[in-house]
There are 2 protein chains.
Amino acid sequence: MTAEPPAPDTPETPAPGTATPGTPTPGTATPGTVRPGGRTARVRAAVLRAAEDALVEHGFSGLDLGDVAQRAEVGRTTVYRRWGTTSALVADLLTDMAEQSLPRTRTGSLAEDLRANARLVQRTLADPRQGALFRAVIVAATCDPGAAEALRRFYLRRVEEWAPCVTEAVERGELPPDTDEFEAVRAVSAPLYYRMLTTAEPLDEAAADRAAAAAEAAARAGAYRRQDI
Amino acid sequence: MTAEPPAPDTPETPAPGTATPGTPTPGTATPGTVRPGGRTARVRAAVLRAAEDALVEHGFSGLDLGDVAQRAEVGRTTVYRRWGTTSALVADLLTDMAEQSLPRTRTGSLAEDLRANARLVQRTLADPRQGALFRAVIVAATCDPGAAEALRRFYLRRVEEWAPCVTEAVERGELPPDTDEFEAVRAVSAPLYYRMLTTAEPLDEAAADRAAAAAEAAARAGAYRRQDI
DNA sequence: GACCTAATGGAACAGGAATCCCGTTAATGA
DNA sequence: TCATTAACGGGATTCCTGTTCCATTAGGTC
């Protein structure tokens, strides 16, 4: 978010044209890759922040590249040229979001760890800004394969961050040895997202604690063992 | 889906204008309410089916009322006048979907019941047509309050259909007496939806069985008791 | 069967988003 | 510091979505 120095790999659409894969087409390279420093990076940071604001306010369906350009105080042409579509812009935003990993809290017990995770997710989704942003990117991922891939990478990062608390519980003998730590961590988030999408009930701490307790009970019962059946 | 005879209550937006609630405004009533029989019903059925097809093919973000009108072999003006927006059309489609409730299978055991539910959800989401349709309506619900309300009613119907298998298990003494049957039923679906939205892993029967087993274990452990804490 | 009018449908119209053109600015390497 | 050209930005243009107007069709009722 805060002034990305470079764009390491292709943050935009892989290639604009499908013609002549043999020729490198030096003049048709994706913008932002040859001179990624200085202005280009500033433009990207401003546009991503503006996109975030716009998504929070109007959701993905109301995302307009012209509006984003105005908010970012950047030319419309620039936004259309570098990102092209709202889906591609959200995908780039998601890769940016994935890079800022917030470290997990480390407590000693499985129950505490899972509850900390559940409350973090609950607070995020219940927060007006963060919650709206997450809903918007989920919508984008459901509409576009590129955004979907970016969303998957984002959640993979998050799950990887929290998986150790399950493996440590396995090592302590609290859980079956072949417990799938990814599946267990996802089990904490799942009820919270499902509730947000399909009910009007509030996402409060009680819901978070229930999700954590349910995941823990299921894990202890061996519901997330790998070679099931 | 198959030729709705009438439209019992207001299927469209509640009221187009906010002006003068005292006057009934006889000439400005919402179309389709005064003469709901015959052609009007046929048009609604054709449009809803066309909307379903369009959603499956292009998703909610690609839903175009003009395209829907063409598929339904109905005038564009009619679709724009009766539904107005893509969100309202999806909301009407959802109320139509909620009316066709498929009855739950009744087995004797909690584990079997939950697994039957999980596999039904899994098959629905894994089916190319049904899965795409569900993703599309979830997107619509995330974008529009009216569609969200319709989606909630749809899922409420579904959960109500399956809740008895939990209450029966409570009566048999398999589960704690104050188990929240709605929460328990939702716990079966949650991991499947979460997996569909945030990962690329396939929604197979193993995932369904895992979801059912996890929900059962959590329920037995008392994770869905009402007066928790 | 005849009347009334709700509801439909074709066509023209309007507004806004995406694209194109081309001059300007500044990042990169010497 | 200077030359090169990648990247940006303003404005005109095109295309498409949504609206409006009015003639036509067909429910509902006597």
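Labels below follow one simple rule: chain letters A, B, ... track the order of the sequence lines, proteins then strands, and each chain is numbered from 1.
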I'd like to know whether CZ of Arg106(A) has more than 12 heavy-atom contacts from other residues, nucleotides or ligands below 6.0 angstrom. no
Using whole Å, what does the distance between atom C1' of nucleotide dC16(D) and atom CG of Asp64(B) come to? 9 Å
Would you kindly give the CG-to-C1' distance between Asp67(B) and dG18(D), to the nearest whole Å? 15 Å
From the set dG9(C), dT19(C), dA7(C), return the single nucleotide nearest to any side-chain atom of Arg81(B). dG9(C)
So, are Arg158(A) and Glu161(A) salt-bridged, with charged N and O less than 4.0 Å apart? no
Integer-rounded Å distance: dG18(D) P and Leu65(B) CG: 6 Å
In whole angstroms, the gap separating C1' of dT8(C) from CD of Glu73(B) amounts to 15 Å
Are any side-chain N or O atoms of Arg82(B) and backbone N or O atoms of Thr40(B), one a donor and one an acceptor, separated by less than 3.5 Å? yes
For the pair made of CH2 in Trp83(A) and P in dA18(C), what is the distance, rounded to whole Å? 15 Å
Hey, could you give me the CG/OG distance between Leu94(B) and Ser87(B), rounded to the nearest 0.5 Å? 11.0 Å
Tyr80(A) has a side chain; which of dA18(C), dA6(D), dA6(C) sits nearest to it? dA18(C)
Once rounded to the nearest 0.5 Å, what's the spacing between atom OG of Ser61(B) and atom CG of Asp144(A)? 8.0 Å
Whole-Å distance between dT17(D) C1' and Leu89(B) CG? 15 Å
Partners of Phe134(B) by ring pair (Phe, Tyr, Trp, His ring centres under 6.0 Å), sequence neighbours excluded? Phe154(B)
Every protein N/O lying under 3.5 Å from an N/O of nucleotides 11-13 of chain C:
from	atom 1	to	atom 2	distance (Å)
dA11(C)	N6	Thr77(B)	OG1	3.4

Can you check the Gln70(A) CD to dG10(D) P distance for me, whole Å? 10 Å
Donor-acceptor pair, distance only, cut-off 3.5 Å: does the side chain of Gln122(B) make one with the backbone of Leu203(B)? yes
Looking at dG9(C), dC8(D), dG18(D), which one has an atom nearest to any side-chain atom of Thr78(B)? dG9(C)
For the helix from dG1(C)-dC30(D) to dA30(C)-dT1(D), what angle lies between the axis at the first five pairs and the axis at the last five pairs, to 10 degrees? 60°
Would you compute the distance between atom CZ of Arg195(B) and atom CZ of Arg186(A) and round it to the nearest 0.5 angstrom? 7.0 Å
Return the CG to CG distance between Leu89(A) and Leu93(A), rounded to the nearest 0.5 Å. 7.0 Å
Rounded distance in Å - CZ (Arg39(B)) to P (dG28(D)): 11 Å
